[in-house]
Amino acid sequence: MFKMFLFSLKNLFSKPATLPEGTEKPKQYRGLIKYYEETCIYCKKCEMVCPPGAIIFTYPEDGSKRLIFHYNPYLCIYCGECVRACPKPGTLVQVEDTAPPATAQDKPNDLWFEVEKEAVESKKIWQEARRKKRNK
Amino acid sequence: MGKKFVVPFGSQHIAIPEPIRFIFTTENEIIKSVSVDFGYVHRGIEKACMTRYKYTQVPYVVARVCGLCAVSQATAYCMAIESLMDIEIPERAKYLRIIVHEMDRIHSHLFAIAHLSEAAGYENLFMRVMRDREFVMECLEILTGNRIQADYSTIGGVNRDLTKEVYEILKPRLDELERRLYELKEIFERDYTLQKKWKGIGVITLEMAQKYNAVGPVARASGLATDCRVEFEYLPYKELDYKMVLYQEGDVWARNMVRLDETLVSIRVLKNAIDNLPEGDIKVKVKGNPKGEALIRWEAPRGELLYYVKGNGKSVLERLRIKTPTFSVIPVMKELYYNQPYAFVPDITISFDPCLSCSAR
Amino acid sequence: MKNFEEIQVSLSELREAIKRFYKPEEWHFITINGTDVGDGIEIKYFFAAYGKSKKVKAFSLKIDYNQTIPSIRDIIPSAWIAEEELKDLLGVNVEGTKGGIFLEPDSPQAPLRKEVKNG
Amino acid sequence: MLTKFLDFFGWARANSPWMVHYCSGCCSLEILALMGPRFDWERYGFMPVPSPRQADFIVITGLISRKVLPVLLMTYDQMPKPRYVFAIGSCAFDGGPYYDSTSVVTNVPEILPPDVFVAGCPPTPEAILEGLLEMKKIIREKREARAEREGTWKEILKQELEKNPLLSQQPFFVGG
């Protein structure tokens, strides 16, 4: 007990252990996923491997091959599996930032549920459009 | 013969970190019967791994079984699949797995010690242990990229390499941590309050530990020599001067001291591993699908972890069974409460370091 | 590659076999595992030897979906927890279990059965 | 004059928000790290309290399983107004990796909408602290908690109690 008391006294005069506000993060942190469309080949491998389903591709109405990438930073578990699965290095990059805290105004979940629905519906329209194109 | 009282403990309670529910029937403050309910965090991980996730995705899912032993879960699963598919991983990957796994053990044990001292009413000591724990948390973050969910092991190796810069950061921090831990050990051995509070409370005898199949630090505090790191040779612990810690008392104090001594052993192993890291690849490519069955017994921070995998040649496993350490100590925990005063319940419960979100899966 | 020893027993000899085999000083009872194999449930009782012997033994038996298996909690007192789990997650009838530890009454029962779909 | 006086209450509340420690998933470890000296949330006035009766906000740490949902709602029910909800981790958002599991509640944001949500698996203590400071602003401005306005938690709690009447017979339960 006496020993602990001495330690406490020592702590009174030593530097605080608390990190001050705005301390920089270590460089190696696994954070958000960044997507660069230029090199993407739309293989949808990242959508398939993502454990929580935070990556969804929706389909354009005109039936072109360029799919639209959606990523939900609030659902992502930052495992980095999509980056490793990607056959074109540089399309998906894991950066060090984290998602900002979401408040009631942002309503991220409502928007995301719409995207999930849209992905299913737009696929039908897209397939229809593809079929028409092929028949022409 | 006193009046009987029914006292519920949990499922939301400040003294226990996770949802578990005991209903004690007490008579003159002495517990006469216990009923336990623990499946509050059941989320169907086994089912999800057997229906939806491919076997290569599973390490990232099973890591979320538990926060404190996330590395052990993923590593144990990877080793089970590797022994099923006869994959030999590179020597460097083995050493890296040991490094991360031992870091995980250190932070888990320090967390348990801190929590136990807080339950003893020693807020000062809690702060001190949490301060020391941040050393290893920072090391984990620098090495793996996340403080808790390391996602480090993958089938066939590990995901990140230990570079020269990381080594430069790790080495002084570990030295500093070791010095501080020796100071801490002195406090725990000598402190008057803690001796009064912990010695002779909640004693598990060797016979009891054997009868109820206790695992991990709980068993080793009672003198039952069971440690999967010694019994099996999946990873080269022998080369790294690993020794089992054994205490004979079996009380709350002994369980705490086993954890503290194990962190010191872990630091020694860790330092040896970092210094003698062999060169080479960190990953081998894996092809094909698992077929057949295999199991692995692995020493997580809380004790023996069992992974049983059964594949049928498809990319999704047929069966994945996880037996977590806390699942095994709940029977002995329940038995221990009989004829103890109710006032000892928080100390006894936390000295087991229960992790219920593990055991419910 | 199978890395444990397996002993096939029938339902009637299960209790007798475990009683003869199990000694608390030598063997560590790990857990009971059930697997739905399509036409029944395969149940395995895992034991590991203390010390440096690296041995894991399993007693295995196969039962139909509605068969009742005997309880072993008078031989191994810590087996109750694994038996409750078998009852809850796989719907196996084990003598003396009450169920309801893992699941709510309104969620699908026996989720680890093959016919129960996720989601 | 009166409005100024009422402002004082908001200021006082915002400077000492107390939390009821409700752990259900692995993210709660980072809350404990916040309590430690390295991140030290007490410099902003945050503090864990043992009883929901004294708490200003509840933290949902990670996933909510079906069995634990009535416990969460009852804990929330026992808190005095104004009460706020703070959620961390992907599992609290949409079930995370367990989104199609039958025993995990995936629509927590509908039942008990959080006022502030911090993403991550688990989020770092710095990120949680950032979110907590965000919530401080909400308390300061005395905005109504989102759960009171649009959540369906009252009906769900009623249903759960009808299903399992034993819950309401707990010694410390006071219905609301």
Side-chain angles (χ1 to χ4, degrees), chain B residues 36-42 44 46-48 50-52 80 82-86 206-215 219 224-228 230-233 291-297 304 306 308 310 312 318-324 327-332 334-335 359-361, chain C residues 1-4 6 22-38 41-42 44 46-56 58 60 73 75-82 84-85 88-90 98-104 107-108 110-114 116-119:
Chain B
V36 49
D37 190 359
F38 59 89
Y40 282 95
V41 211
H42 179 68
E46 287 176 5
K47 180 73 179 174
M50 284 151 56
T51 50
R52 190 151 55 85
E82 278 153 15
S83 80
L84 180 62
M85 294 170 75
D86 275 331
L206 179 58
E207 287 76 46
M208 201 172 161
Q210 281 171 347
K211 192 178 167 195
Y212 292 99
N213 299 304
V215 293
L224 181 61
T226 160
D227 191 331
C228 306
V230 177
E231 286 165 21
F232 296 87
E233 286 157 0
K291 194 167 192 316
E293 53 189 331
L295 66 82
I296 214 125
R297 283 180 75 211
E304 172 212 47
L306 176 95
Y308 168 80
K310 187 173 182 184
N312 49 2
E318 194 182 340
R319 179 80 169 110
L320 172 75
R321 166 66 202 238
I322 310 164
K323 200 272 313 174
T324 53
F327 192 74
S328 300
V329 296
I330 287 175
V332 66
K334 187 188 170 196
E335 210 56 32
S359 51
R361 301 186 301 285
Chain C
M1 194 179 68
K2 201 185 238 171
N3 51 8
F4 59 94
E6 199 170 343
Y22 179 70
K23 286 188 191 67
E25 311 86 54
E26 279 173 38
W27 291 93
H28 170 77
F29 167 70
I30 305 174
T31 193
I32 309 171
N33 176 49
T35 311
D36 188 348
V37 285
I41 291 172
E42 191 185 56
K44 287 194 171 114
F46 289 115
F47 294 89
Y50 286 122
K52 295 182 180 173
S53 41
K54 303 180 204 171
K55 243 196 262 169
V56 178
S60 93
R73 52 180 93 173
I75 309 166
I76 307 164
S78 65
W80 64 269
I81 191 161
E84 292 284 353
E85 197 202 348
D88 261 12
L89 298 186
L90 269 156
K98 63 178 197 302
I101 277 197
F102 283 93
L103 301 173
E104 280 287 271
S107 57
L112 292 188
R113 290 259 183 104
K114 273 195 174 148
V116 180
K117 289 275 179 301
N118 223 354

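Just so it is clear: chains get the letters A, B, ... in the order the sequence lines come, proteins before strands, and each one is counted from 1.
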Taking atom CZ of B/R321 and atom CZ of C/F46, what is their separation to the nearest 0.5 Å? 8.5 Å
B/Y212 versus chain C, heavy atoms under 4.5 Å apart: side chain, backbone, both or neither? both
With a 4.5 angstrom heavy-atom cut-off, is it the side chain or the backbone of B/L224 that approaches chain C, or both, or neither? side chain
Atom pair CG (B/L306) and CG (C/N33), whose distance is rounded to the nearest 0.5 Å: 8.0 Å
Between B/V332 and chain C, with a heavy-atom cut-off of 4.5 Å, which part of the residue counts as in contact: side chain, backbone, both or neither? neither
So, for C/D36 and B/E318, which heavy atoms are closest and what is the spacing to 0.1 Å? O-OE2, 3.9 Å
What distance do B/R297 atom CZ and C/I30 atom CD1 have between them, rounded to the nearest 0.5 Å? 5.0 Å
Does any heavy atom of chain B fall under 4.5 Å from the side chain of C/D88, the backbone, both, or neither of them? neither
Toward chain C, the part of B/K211 with a non-hydrogen atom under 4.5 Å: both
How far apart are the closest heavy atoms of C/I81 and B/F327, and which atoms are they? CD1-O, 3.4 Å
Please classify the contact of B/E335 with chain C as side chain, backbone, both or neither, using a heavy-atom distance under 4.5 Å. neither
What distance separates B/N213 CG from C/T31 OG1, expressed to the nearest 0.5 Å? 10.0 Å
Which atoms of C/E42 come close to chain B, meaning under 4.5 Å heavy atom to heavy atom: side chain ones, backbone ones, both, or neither? side chain
Under 4.5 Å from any heavy atom of chain B - which part of C/E84: neither
Checking B/R319 side chain against C/G34 main chain: does a donor-acceptor pair fall under 3.5 Å? yes
C/I32, part contacting chain B, at a heavy-atom distance under 4.5 Å: backbone
Of the listed C/P77, C/A79, C/A58, the one with the largest count of heavy-atom pairs under 4.5 Å with chain B is C/P77
C/Y22, part contacting chain B, at a heavy-atom distance under 4.5 Å: side chain
B/Q210 and C/Y50: which non-hydrogen atoms are nearest, and at how many Å? CA-OH, 4.5 Å
